[in-house]
Amino acid sequence: MNPILVFCEQRDSRLKKVGLEALGEARRLAGGAGCEVVGIVIGASIASLAEELARHGASRVLVGEDPGLTRYSSETYTAMLGDAATRLQPVAILMGATAMGKDLAPKLAARLKTSLAQDCVALQMESDGSLLGTRPVYGGKLRAVVKAVTPALQVVTLRPNVFSPIEPKPASGIPIERLALQANPDRPRATVRDVQQTAGSKIELTEAGIIVSGGRGLKGPENFKLVEELAAAVGAAVGASRAAVDAGWKPHSYQVGLTGKTVSPQLYIACGISGAIQHQAGMSSARTIVAINNNPNAPIFKLATYGLVGDLFEVVPLLTEEVKKLKAGS
Amino acid sequence: MKIVVCVKQVPATESKLQLTTDGTDVNRSGLSFVINPYDEFAVEEALQIKERLGTGEVTVLSLRPHADQKPEEALRTCLAMGADKAVLLSDQAFDGADTFTTALVLASALRRLSFDLLLCGKQAVDDDGSAVGIQVAELLGLPHVAVVNKLEINQGARTVLAHRQIEGGIEVVEAPLPALITCQKGLNEPRYPSLPGIMKAKQKPLEVWTRDTLGLPAETIGVAGAKQRVVRLEPPPPRPAGRIIGGDAATAVKELVRLLHEEAKVI
Ligand SMILES: Cc1cc2nc3c(=O)[nH]c(=O)nc-3n(C[C@H](O)[C@H](O)[C@H](O)COP(=O)(O)OP(=O)(O)OC[C@H]3O[C@@H](n4cnc5c(N)ncnc54)[C@H](O)[C@@H]3O)c2cc1C
Ligand SMILES: Nc1ncnc2c1ncn2[C@@H]1O[C@H](COP(=O)(O)O)[C@@H](O)[C@H]1O
């Protein structure tokens, strides 16, 4: 059986967790089908990352290293991955559904004239080697199970925090090959001129294991500190509903939902958020959901694993204290 | 500056969805449809660029995704917002497209239009494909910048400078024109069509192009050419029944923390 390719994104020589999750999932899929898992990493100073890929399940690693690749380039990455795919004829190409992955995967799929499934939350290998991808559609109201029209290959992005990496194991003697830089200087290209760190967001929402979000129930921007204190206590990222963002309490990068970010944390705590369908679209795949709301009929309670009907101005500070106590004790 | 905006008509986000009998699609009869919210940002941006530069032309382009839809309504709304002309791609042969064949047909139509800038939404909120814009650019051999929430046009240098959100930051990307941009919330506040706008829209040209117009072989497009098939649609797995934690706030909070620690094991 032909291999599964896994593109593992790095930024500033650090691998994204979702790349390791994709390797773990590829291993699981390959186990059934008996095919090779080829990890690919592209960037500037990345030689040391090859072994990390091997330890997380790659049986072979391709390294596209070039000093000119300090920043992402959709054109160069597509050319390099496209070249690898043409040579190795994989059954599937997996990568994380990150800003980079969601940008790269469609371009790559179009260049290879093949099927694309973005933001998958489950994958399954059929006995004939075709890959079924399950992905939320209609803002999470439905899921589509999709399949490449045979015998085409499938390009797949995986939602972060959903799949499990393997337990890392020593990996010596794994073949590591250089991937030639595909320059294509003739193609017009988009060039990243600058990368600006956003101030304040210590933990990125889409990667966070825990998120505490605030909504209109907070009544004003100054009260977001209640949410932030709780977030600091549990080690969470801070999110917001659209109502809170539209009111100018938080920038759009905090927004969770249909027109914001899709998140999939282990724990999502919604404070003063009603749980409109468009908000749910961004967070309904969270493992555990806690709702704090003073209206027992708020739709968020239909989704919540644990619901607390009460005044957030009373409940949230208590919760912060209780979490601090727990952390201090453990 | 000539700008073409790709606009998809999608079921209103509040729609109650029912599946077709074979379970591979949504039953569209009786649904109400709207302009894909991200495409509204794209239309607004095109209009603002034209207004800023004081010259230009904005064309809106829509491919009918399904026989039960009438995207001409969405196009008329765009014309009422201020777009100059509209092209509707409508043919049974286009129906049932996946993102690739959608991009293929749009790209083929775009080859017949002249443009300096192409704008799409970052995602259509029905199939949530997050692909078509980028794929159109690739098929046309154009650079793209995706998920953009700030856009500057440098007409003299014929370049665009776009901001896009990435994890923990912003990527500032430059591309030569013609280029394709996919639009994200934050870019602008879409306007509502004005009453005079709605009146004027009735006089504006709306052309309908079919497979014959584009001269595309039937086997390469629509469901026939699709690279991907929907095996089935299903509701998301039901969430395990939740529970309301009662009692006074202090007791309830203690119980919540215990459950999060011992039962859910998330803190
Ligand atoms: C096309 C479209 C896209 C959209 N995209 C998004 C999106 O991406 N994300 C998003 O979030 N929304 C989105 N929305 C908006 C969505 O429909 C809701 O309007 C929004 O989510 C409401 O935000 P909220 O829950 O903070 O506010 P509200 O709905 O006003 O809810 C506030 C909640 O706080 C509770 N509350 C008030 N005071 C207290 C208190 N003292 N203690 C405890 N609880 C209290 C109330 O009971 C209420 O349930 C979109 C809408 C449309 C049409
Ligand atoms: N049928 C269509 N007609 C016109 N534009 C479309 C169509 N489908 C997708 N698009 C464009 O591509 C974007 C992304 O769509 P998607 O990849 O389906 O999420 C949309 O926001 C539109 O700008």
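Every chain is numbered from 1, with letters handed out A, B, ... down the list of sequences.
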Return the option, out of P37(B), G186(B), G129(B), P11(B), with the maximum number of heavy-atom pairs under 4.5 Å with chain A. G129(B)
Taking the side chain as C-beta and beyond, is there a heavy-atom pair between V195(A) and I170(B) under 4.5 Å? no
From CA spacing to verdict: side-chain contact (heavy atoms from CB on, under 4.5 Å), D103(A), R164(B): CA-CA 11 Å; D103(A) 187 79; R164(B) 65 188 226 102; 3.9 Å; yes
For the interface with chain A, which of D248(B), V230(B), N149(B) has the highest count of heavy-atom pairs at distances below 4.5 Å? V230(B)
Looking at CG of D246(A) and CD of E189(B), how far apart are the two atoms once the value is rounded to the nearest 0.5 Å? 6.5 Å
Does any heavy atom of chain A fall under 4.5 Å from the side chain of K265(B), the backbone, both, or neither of them? neither
Q18(B), CD: over 12 other non-hydrogen atoms inside 6.0 angstrom: no
More than 12 heavy atoms of other residues, nucleotides or ligands under 6.0 Å from CG of D22(B): is that the case? yes
Toward chain B, the part of L258(A) with a non-hydrogen atom under 4.5 Å: both
If we only count heavy atoms from C-beta on, is the K107(A) to Q135(B) side-chain gap below 4.5 Å? no
Could you check if a side-chain atom of M100(A) sits within less than 4.5 angstrom of a side-chain atom of I166(B), using non-hydrogen atoms only? no
Yes or no on salt bridge (charged side-chain N to carboxylate O under 4.0 Å, His left out) for R11(A) and E171(B), after CA distance, side-chain angles and deciding distance? CA-CA 12 Å; R11(A) 287 199 189 252; E171(B) 253 175 10; 2.8 Å; yes
How long is the gap from CG on L116(A) to CZ on F100(B), to the nearest 0.5 Å? 11.0 Å
Should I244(B) and F301(A) count as side-chain neighbours, where that means a heavy-atom distance under 4.5 Å? yes
Nearest heavy-atom contact between V137(A) and D127(B) is CG1-O, 3.5 Å
May I ask you to decide if K254(B)'s main-chain N or O and E322(A)'s side chain share a donor-acceptor pair within less than 3.5 Å? no
So, taking the atom named CG in L142(A) and the one named CG in L19(B), what distance separates them when rounded to the nearest 0.5 Å? 5.5 Å
Trace of the side-chain contact (heavy atoms from CB on, under 4.5 Å) decision for L256(B) with L319(A): CA-CA 8 Å; L256(B) 173 63; L319(A) 184 54; 3.9 Å; yes
Ranked by heavy-atom pairs below 4.5 Å to chain A, first place among V145(B), L139(B), L260(B) goes to L260(B)
If you measure from CZ on R143(A) to CG on D128(B), what distance do you get to the nearest 0.5 Å? 12.5 Å
Short question: side chain of E167(B), backbone of T206(A) - any donor-acceptor pair under 3.5 Å? no
The reported gap from CZ in R193(A) to CD in E174(B) (rounded to nearest 0.5 angstrom) is 4.0 Å
Only one of Q228(B), K227(B), R229(B) forms a side-chain hydrogen bond (donor to acceptor under 3.5 Å, both in side chains) with S115(A), so which one is it? Q228(B)
For K113(A), is it the side chain, the backbone, both or neither that has a heavy atom under 4.5 Å from a heavy atom of chain B? both
Quick one about K185(B) and Q255(A) (side-chain donor to acceptor, distance below 3.5 Å, no hydrogens or angles considered), yes or no? yes
Interface moiety of S284(A) toward chain B, non-hydrogen atoms closer than 4.5 Å: backbone
Less than 3.5 Å apart, any donor N or O on the side chain of E263(B) or Y306(A) sitting next to an acceptor on the other? yes
E138(B) and A110(A) have their tightest heavy-atom pair at CG-CB, 3.7 Å
By a 4.5 Å heavy-atom criterion (distance strictly below it), what part of A304(A) contacts chain B: side chain, backbone, both, or neither? backbone
Evaluate the criterion side-chain contact (heavy atoms from CB on, under 4.5 Å) for residue pair Y38(B) and T259(A); output intermediate values, then yes/no. CA-CA 8 Å; Y38(B) 295 106; T259(A) 41; 3.7 Å; yes
Please classify the contact of Q266(A) with chain B as side chain, backbone, both or neither, using a heavy-atom distance under 4.5 Å. both
Using side-chain contact (heavy atoms from CB on, under 4.5 Å), reason through H252(A) and Q165(B) one step at a time and then give a plain yes or no. CA-CA 10 Å; H252(A) 178 251; Q165(B) 271 176 28; 3.4 Å; yes
Salt bridge present between E14(B) and K141(A) (N-O < 4.0 angstrom): no
Per-residue contact mode, A117(A) against chain B (heavy atom under 4.5 angstrom): both
Looking at A264(B), A249(B), A124(B), P236(B), which one has more heavy-atom pairs under 4.5 Å with chain A than the rest? P236(B)
Of all the heavy-atom pairs spanning A190(A) and P143(B), show the shortest one and how long it is. N-CB, 3.7 Å
Greatest number of heavy atom pairs closer than 4.5 Å to chain A - which of L104(B), D126(B), V231(B): D126(B)
Check whether the side chains of Q278(A) and T13(B) place a donor and an acceptor atom closer than 3.5 Å, and report yes or no. yes
Below 4.5 Å from any heavy atom of chain B, which atoms of A109(A) appear? Answer side chain, backbone, both or neither. both
With rounding to the nearest 0.5 Å, note down the distance linking CD1 in I134(B) to CG in L108(A). 11.5 Å
Contact origin within A226(B) toward chain A - heavy atom pairs under 4.5 Å: backbone
Evaluate whether atom CZ of R14(A) has more than 12 neighbouring non-hydrogen atoms of other residues, nucleotides or ligands under 6.0 angstrom away. no
For P136(A), is it the side chain, the backbone, both, or neither that has a heavy atom closer than 4.5 Å to a heavy atom of chain B? backbone
Under a 4.5 Å heavy-atom cut-off, does chain A meet the side chain of V147(B), its backbone, both or neither? neither
Measure distances from T114(A) to the heavy atoms of chain B and classify the residue's part below 4.5 Å as side chain, backbone, both or neither. backbone
If one checks every heavy atom of Q154(A) against chain B at 4.5 Å, the contacting part turns out to be side chain
Contact origin within A179(B) toward chain A - heavy atom pairs under 4.5 Å: neither
For A286(A), is it the side chain, the backbone, both, or neither that has a heavy atom closer than 4.5 Å to a heavy atom of chain B? backbone
Nearest heavy-atom neighbours spanning T305(A) and R239(B): OG1-NH2, 3.9 Å
Among T99(B), L259(B), I267(B), who wins on heavy-atom pairs under 4.5 Å with chain A? L259(B)
For V245(A), which atoms come within 4.5 Å of any heavy atom of chain B: side chain, backbone, both, or neither? side chain
With chain B, the option among G307(A), G209(A), G310(A), A144(A) that has the most non-hydrogen atom pairs under 4.5 Å is G307(A)
Report which part of I289(A) has an atom under 4.5 Å of a heavy atom belonging to chain B: side chain, backbone, both, or neither. both
Would you say V257(B) and V323(A) make side-chain contact, with heavy atoms under 4.5 Å? yes
Proximity breakdown for R187(A) and chain B, heavy-atom pairs closer than 4.5 Å: side chain
